[in-house]
Amino acid sequence: MKRTNYAGRTNESQIGEEVVLKGWVAKRRNLGGLIFIDLRDREGIVQLVFDEKQDPAAFKVANECRSEYILEVRGLVRERAEINPDLPTGKIEVEVKEANILAKSQTPPFEVKDNVDASEDLRLQYRYIDLRRPEMMKNMKLRSKVASIIHNYYDNNDFMDVETPDLTRSTPEGARDFLVPSRLYPGHFYALPQSPQLFKQLLMAAGVDRYYQMARCFRDEDLRGDRQPEFTQVDTEMSFATAEDIQDMTEGLIKRVMKEALNVDVKTPFPRMEWQEAMDRYGSDKPDTRFGMLITDLSDIVKDSSFKVFSGTVADGKFVRAICVPGGADHYSRKDITKKEDYIKRYGAKGLAWVKVTADGYNGPIAKFINDLAAPINERLGAKEGDLILFVADSFHVVADSLGYLREKIAHEMDMIKPGQWNYLWVVNWPMFEYDEGFGKWIAAHHPFTMLNEEDLHYLEDGEDPHKAHAQSYDIILNGNEIGGGSIRIHDPKIQEKVFKALGYTKEEARARFNFLIKGLENGMPPEGGLAFGFDRWVMLLAGADNIRDVIPFPKNSKGIEPMTAAPGTVDQEQLDELHIDVKDDSENN
RNA sequence: GGUCCGUUGGUCUAGUUGGUUUAGGACGCAUCCCUGUCACGGAUGAGAUCACGAGUUCGAGUCUCGUACGGACCGCCA
């Protein structure tokens, strides 16, 4: 029997026609002499009817069917007497004349339905069953659709799809590399790419001019809900382009994806926000602009306050900043606020000061210290009776992280985010370098090949402070999530040398690490720049999923294990010998 | 590397201050009845050494410690 159409696409136009369908038994309803089976394939569900009197042979097969058996059926499409409005195929049903079981199935470990009640661990172990769920199938289809639009878009704009190697060389910058031992060269290793960054720059040196690739990338770091060790980047690079050129090109793509995949019109150009403003007002380099409650600096107002925590902090050159939670006074108890305080301590905050705004002034533990400043504070924050004001007094980064977190958390808890918003924006003008407390040295905020602003070039000269420089880099943000980032690259080897110097590399160290790139610059590199999208994360947001695993067919769990195959696993001694590898026994240290 | 939370039939879960609980329910599963269901209905039934190990106690699903596994977060992710 040759299939005539997908079960889920059977429709009224086929009434009276004979169809052949193949699919899974989603549900069986046995009424005695009459059996209904919901047949499911990737496109949806259609109701089959088996009548014992009319088609006893087919009926017998239906009687044997169990959940998730795979069936082929031949039958007549007919109109239903009573339509089911909950089903896209609810106006019709298929009267089955012939049926064969193509595969039997054990009772599935969980039911194939949309409101899953199975644990994620179990879903991942039986992922092929989990993926049958319409929700998951929909996510895979969306992913496929978006990928197709991306290919189409860049192809139409003269971008060349060029593959870069997966077996490459370890570079010490950035994330930990996944290493692949070389059989031919004992003690030598390939590394899987963290991104094709250097290759795409060298493709510009090759004259490719416009490059894109759906590139697999690998980073051996701990996982998060929006982070997997292997992921897909939409990687792009353009020669002779300015930051604006690249942003325009990217906006064009986003506009098309939103229209064609979700039928949503987004307005371009997207807003541009300075990195400094994002940090000051949103406490984040990926601001969520779907709601207000902006962070407000109060340092100047409270600098002489009798509350020593505030005045002392300002005297130390640090900051007192606050958010005003509209209607927060009733919503949050003293105990709730203590919980929030405990939470922000993980960002280094020493405490969370708060007041509730009442008709008679401030209320709360620090009210007596700052009641005299209530008028200017309320005015600046726009605070009114019934609001809750949360203050953090600390260094720039601690204040930003703490209040940035609280702003997000409270917005979710108090339902301040109206659904259906797609707030794309660019965060621009990033610092070129940032100080890493852990390593005690300056590191590249973006990566070491990022071009700084032309007017900041003088900071690289002797006797100036290079760390004041800002970069020609830009991140694309959607609803408070970083979905991509890029920059104009350094194409002048002299500037590149100065940047390496500012990062504390000697010439020899820079050569040792990035020889091939430096040579590329010396052999003539066009001015160029690009951008890379986190494809998985973007699709996650487009799908409305809150976990990146829901848009990856076979993801790793939060511990980096893939539960279906149980990777990573041990290998035979023979394989290790061939790779010249001894495995250290760490058991004593554990 | 660290912090917090969780683990009870196939699945999701209830289980109070440690004691009438033969560990309850829903879904699923099995058998039987049923020709218009679509969360089908009805009847009956099977299925759990309460993650593992140690401890406290007259008595542990319940308390303590450890281990394993899972989840969230901090660090990390140029």
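Keep in mind that this is a model prediction, so the values were computed, not measured. A note on names: the letters A, B, ... follow the listed sequences, proteins ahead of strands, and every chain is numbered from 1.
- Judged by distance alone with a 3.5 Å cut-off, no donor-acceptor contact links the side chain of Arg29(A) to the base of C34(B).
- In terms of polar N and O atoms assigned as donor or acceptor, the side chain of Asp222(A) comes within less than 3.5 Å of the base of G75(B) in a complementary pairing.
- Between Lys91(A) and Glu79(A) no salt bridge is recorded (no basic side-chain N to carboxylate O distance below 4.0 Å).
- Between the base of G75(B) and the side chain of Arg176(A) there is no donor-acceptor pair shorter than 3.5 Å.
- Across all strands shown, U35(B) has no partner, as no Watson-Crick or G-U wobble contact with both distances under 3.5 Å is found.
- Near-neighbour residues of RNA chain B inside residues 396-407 of chain A, defined by a heavy atom below 4.0 Å, are absent.
- Checking G71(B), G70(B), G28(B) against the side-chain heavy atoms of Ile561(A) singles out G70(B) as nearest.
- Counting atom types as modelled, Gln47(A) pairs a side-chain N or O with a base atom of U37(B) as donor and acceptor under 3.5 Å.
- Contact check on Lys339(A) versus Asp342(A) returns no salt bridge, with no Lys/Arg side-chain nitrogen under 4.0 Å from an Asp/Glu carboxylate oxygen.
- Spacing of P atoms, U16(B) relative to A51(B), comes out at 14 Å, to the nearest Å.
- Pair assignment for C52(B) gives G66(B), based on Watson-Crick or G-U wobble hydrogen-bonding distances that are each under 3.5 Å.
- The base of C12(B) does not come close enough to the side chain of Asp117(A) for any donor and acceptor atom to sit less than 3.5 Å apart.
- Within the 4.0 angstrom heavy-atom criterion, only backbone atoms of the sugar-phosphate kind lie near Pro109(A); the bases stay farther away.
- Partner assigned to A72(B) is U3(B), using Watson-Crick or G-U wobble distances below 3.5 angstrom.
- Base pairing of U57(B): no nucleotide in any strand meets the Watson-Crick or G-U wobble criterion (both distances under 3.5 Å).
- Nucleotide G28(B) holds its P atom 19 Å from the CD atom of Gln106(A), rounded to whole Å.
- Although no hydrogens or angles enter the test, the distance criterion places a donor-acceptor pair under 3.5 Å between the side chain of Glu562(A) and the main chain of Thr565(A).
- Salt-bridge check for Glu221(A) with Arg227(A): failed, with every basic side-chain N at 4.0 Å or more from each acidic carboxylate O.
- Across all strands, Asn557(A) comes closer than 4.0 Å only to sugar-phosphate atoms, never to a base (heavy-atom distances).
- Remark: the Arg227(A) side chain and the C77(B) base include a donor-acceptor N/O pair separated by less than 3.5 Å.
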- Task: Could you check Tyr211(A) against Met204(A) for side chain to side chain contact (heavy atoms under 4.5 Å, CB included), going step by step and ending with a plain yes or no?
- Result: CA-CA 8 Å; Tyr211(A) 145 93; Met204(A) 296 302 103; 3.7 Å; yes
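- Residue side chain Phe36(A) meets the stacking definition with respect to U37(B): its ring centre sits within less than 5.5 angstrom of the base's six-membered ring centre, and the planes differ by less than 30 degrees.
- Closest to the side chain of Glu120(A), from the set C38(B), G71(B), C29(B), is G71(B).
- Judged by distance alone, the side chain of Gln228(A) and the main-chain N or O of Lys556(A) form a donor-acceptor pair under 3.5 Å.
- Asn11(A) places a side-chain N or O within donor-acceptor distance of the main-chain N or O of Arg9(A), the cut-off being under 3.5 Å.
- Using Watson-Crick or G-U wobble geometry with both donor-acceptor distances under 3.5 Å, C29(B) finds its partner in G45(B).
- A distance-only check finds a donor-acceptor pair linking the side chain of Arg28(A) to the backbone of Asn63(A) [under 3.5 Å].
- Arg123(A) comes within 4.0 angstrom of nothing in the nucleic acid, heavy atoms only.
- Nucleotides A68(B) and U22(B) place their P atoms 36 Å apart, quoted to the nearest Å.
- The nearest heavy atom of RNA chain B to Ile83(A) and to Leu124(A) marks one nucleotide each, and the one closer to the 5' end goes with Ile83(A).
- Closest to the side chain of Asp86(A), out of C77(B), A39(B), C69(B), is A39(B).
- Spacing of P atoms, U7(B) relative to U17(B), comes out at 16 Å, to the nearest Å.
- The partner of U16(B) cannot be assigned: no Watson-Crick or G-U wobble pair with both contacts below 3.5 Å exists in any strand.
- Contact annotation for Phe449(A): no contact, since no heavy-atom pair falls under 4.0 Å across all strands.
- Ionic pairing of Arg511(A) and Glu497(A) is not present here: no N-O contact between side-chain nitrogen and carboxylate oxygen is shorter than 4.0 angstrom.
- Between the side chain of Glu93(A) and the base of G36(B), a donor-acceptor pair under 3.5 Å is found.
- Across U13(B) and U20(B), the matching C1' atoms stand 23 Å from one another, rounded to whole Å.
- Base pairing of U21(B) is not made with any nucleotide, judged by Watson-Crick or G-U wobble geometry with both donor-acceptor distances under 3.5 Å.
- Taking only side-chain atoms of Leu31(A), from C-beta outward, the nucleotide of C77(B), A72(B), U35(B) with the closest atom is U35(B).
- Interface remark: the Arg224(A) side chain does form a donor-acceptor pair with the G75(B) base, using a distance-only criterion of under 3.5 Å.
- Ion pairing of Arg334(A) with Glu341(A) is absent here, as no side-chain N (NZ or NE/NH1/NH2) approaches a carboxylate O to less than 4.0 Å.
- Backbone-only contact: Ser119(A) has heavy atoms under 4.0 Å from sugar-phosphate atoms and none from a base.
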